[in-house]
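Remember, predicted model here, so these are calculated numbers, not experimental data.
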Amino acid sequence: MFLNRYKKMFIGLSLATLILNGCGDLNESVSTTLPSTDIDAYPMVIEHAFGQTTIVEKPERIAAISWGNQDVPLALGVAPVGTSMANYGVTDDSGLLPWTREAYAHLGVDSPVIFDDAAGLDYEAISLSEPDVILAAYSGITKEEYDLLSSIAPVVAYPEMPWQTYWRDQIRLDAKGMGMTKEGNDLVKSLESLIAEKVSAYPELSGKRAAFFWFTPSDLGKFYVYLPADPRAAYLIDLGMIFPPSVLELSEDETSFALELSAENADILSDVDIIVTYGSDELLLEMQNDALLGLIPAIKNGAVLIIPAGTPLAASGSPSPLSIPYTIDSYLELLSNAAIKAGNL
């Protein structure tokens, strides 16, 4: 499941240096770690967490594993020869999120090759797809998995830490691995323009202090807050909001991209205007009735966006180049409702 993939990594992960715009203000839009160049020259060397990957010529057959990497080639008009099965947010038996499925169909591929790797990478299936490159810029592959994948084809791995690649970096890294650096940069600019246009219609979001959380209804005595290193949290900044000072303080010297908090310490989150989380409609009432969580102003005032668990919208919390245009209208509308309830908190 989506949650399990992340919970495994809450403990013991190092927090990558946050690469943000200009002076490094954590409330500015997330920037990229890659140099600004549109030139692809071979042999191409891509640096990442495991060292370097050398690609000797422009790949023709693209495979993509883990989360959202297939959406980069699809957004650039290239159908991957194989992709990982989506393990969260799929509401049919296709194994693909709706924006991915529709993009394949648009390119004339009705039955794409899907790697059933939820329980572990299917190296045989990946090898049988005969890729020239394997995209994994946003993933949690280990060094051992990277080495095994590299015996099949060159691998584009994550820059620093697992599951801590922002959407801009994912696009630019995967596009570079495809020999489509210029197209990747253009795609980033196009998405930035789209986001700016959409966000401009929701001035009530501007400057609101928002944070992404995970609550377990059966145990409200503890919960997780996602820190700025997490793509879900960073996406809220793209949508016009800012990180609450409390969350920024929690992230200082922290070695993971999410932090477990006890409800006994919930008062430190009194500066959060909007809470975003997964769950059902009943979750807000349960939190409001909780003796400790109910004291948080955002919860007391109902300024909580509960994204229905297991839905495509929930899956789009970690944005990709296809999920952003597919769900941004719904996401902004729901955030706006929460912002209105937050008022002038």
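Looking at residues two or more places apart in sequence or on another chain, you find a side-chain contact (heavy atoms from CB on, under 4.5 Å) between S150 and Y146, V155. Residues forming a salt bridge (Lys or Arg N to Asp or Glu O under 4.0 Å) with K222 (at least two apart in sequence, or on another chain): D219. Residues passing the side-chain contact (heavy atoms from CB on, under 4.5 Å) test with V78 are I62, P73, M178, M180, sequence neighbours excluded. For L261, the side-chain contact (heavy atoms from CB on, under 4.5 Å) test picks out F223, V225, L250, L259, I268, L269, with sequence neighbours left out. Residues that satisfy the side-chain contact (heavy atoms from CB on, under 4.5 Å) test with Q288, not counting sequence neighbours, are L284, L285, I299. Contacts of K189 classified as salt bridge (Lys or Arg N to Asp or Glu O under 4.0 Å), with partners at least two apart in sequence or in another chain: none. Residues passing the salt bridge (Lys or Arg N to Asp or Glu O under 4.0 Å) test with D147, sequence neighbours excluded: K143. Every residue two or more places apart in sequence or in another chain that forms a ring-ring contact (aromatic ring centres under 6.0 Å, His included) with Y158 is listed here: F50.
The salt bridge (charged side-chain N to carboxylate O under 4.0 Å, His left out) contacts involving residues 310-323 comprise nothing, where partners must be two or more places apart or lie in separate chains. Listed by first and then second residue, the side chain to side chain donor-acceptor pair (under 3.5 Å) pairs that reach into residues 259-272 are Y224-E260, S246-D271, sequence neighbours excluded.
In the hydrophobic clustering, I340 connects to no other residue, as no ILVMFWY side-chain heavy atoms lie under 4.5 Å from its own.
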Side-chain donor-acceptor distances from residues 98-113 under 3.5 Å, at least two apart:
unit_1, atom_1, unit_2, atom_2, d
W99, NE1, D71, OD2, 3.2
T100, OG1, Q70, NE2, 3.4
T100, OG1, D71, OD1, 2.7
R101, NH1, D92, OD2, 2.9
E102, OE2, Y326, OH, 3.3

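Summarising the geometry of L173 relative to I46, their closest heavy-atom pair is CD2-CG2, 4.2 Å, with the distance given to 0.1 Å.
In this structure, T165 contributes its side chain and A137 its backbone to a donor-acceptor pair below 3.5 Å.
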